[in-house]
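Data block below; observations after.
Note that the structure is a prediction, hence the values are computed from the model and not measured.
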Amino acid sequence: MTPTAPKTSPRFAADCPTRPVLDQVADKWTMMALTVLQEPTRFNELRRQLEGVTQRVLTQTLRRMERNGLVVRRVLETSPVGVEYSLTPLGESFRGPFTCIYEWALAHSDEIQAFQRTFDARAAKAASTN
């Protein structure tokens with residue numbers, strides 16, 4: 001018989017090495033940037049394709065992706081100097097799982113929005129009766 005962990009032990013310890021990885025891949029801008037980065041792409045082109053992202057947030061996202069080995073940053077010797085990002089082999093290896101998540105989100109977005117509207121209407125009704 002295999003011993004089981006006590007019920008009081010955490011399932012995800014604070015120092016669990018998966019936490020920073022899950023934090024990175026669960027970030028909406030990371031997921032969207034992975035979609036855009038099908039080929040080497042300049043920073044401003046990424047920003048144009050990610051409507052609503054600020055320059056600061058995109059910079060932070062790309063730095064985290066670079067730190068985690070998902071993208072490589074290359075300075076272009078152009079005038080003015082440009083920067084281009086591309087997926088690393090590790091970033092490419094995430095395409096399979098990511099594509100499944102992305103396709104699931106597309107397939108179920110209408111259903112999820114319907115649940116959100118129902119929930120919000122119920123919450124609004126409850127708030128108005130209080």
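- Atom CG in Leu50 sits 6.0 Å away from atom CH2 in Trp29 (nearest 0.5 Å).
- One hydrophobic cluster holds both Val36 and Leu106 under the rule that ILVMFWY side chains link at heavy-atom gaps under 4.5 Å.
- Few gaps surround CD on Gln113; more than 12 heavy atoms of other groups in view lie less than 6.0 Å from it.
- For the atom pair OG1 of Thr61 and CE of Met31, the computed distance is 12.5 Å after rounding to the nearest 0.5 Å.
- Each of Val71, Asp27, Thr59 was compared with Arg64 under the side-chain contact (heavy atoms from CB on, under 4.5 Å) criterion, and only Asp27 meets it.
- Counting only heavy atoms from C-beta outward, the side chains of Arg42 and Leu76 approach each other to under 4.5 Å.
- For the atom pair Gln60 CD and Thr30 OG1, the distance stands at 11.0 Å (nearest 0.5 Å).
- Of all heavy-atom pairs between Leu90 and Ser93, the closest is O-OG, 2.6 Å.
- Counting only heavy atoms from C-beta outward, the side chains of Arg95 and Leu87 approach each other to under 4.5 Å.
- At a threshold of 4.5 Å between non-hydrogen side-chain atoms, the residues Leu62 and Leu46 count as touching.
- Here the closest heavy-atom approach between residue Thr88 and residue Val72 is recorded as CG2-N, 3.8 Å.
- Atom CZ in Arg122 sits 13.5 Å away from atom CZ in Arg117 (nearest 0.5 Å).
- Asn68 places no side-chain N or O within donor-acceptor distance of the main-chain N or O of Leu70, the cut-off being under 3.5 Å.
- You'll find the side chain of Gln116 stays beyond 4.5 Å of the side chain of Phe119, heavy atoms only.
- By the 4.5 Å heavy-atom criterion applied to side chains, Met65 and Arg73 are not counted as neighbours.
- In this pair, Phe98 and Phe94 present their aromatic rings tilted. The plane angle is within the 30 to 60° band.
- Asn44 CG to Gln49 CD: the interatomic distance, rounded to the nearest 0.5 Å, is 11.5 Å.
- Between Arg48 and Glu45, at least one side-chain nitrogen of the basic residue sits less than 4.0 Å from a carboxylate oxygen of the acidic one, meeting the salt-bridge criterion.
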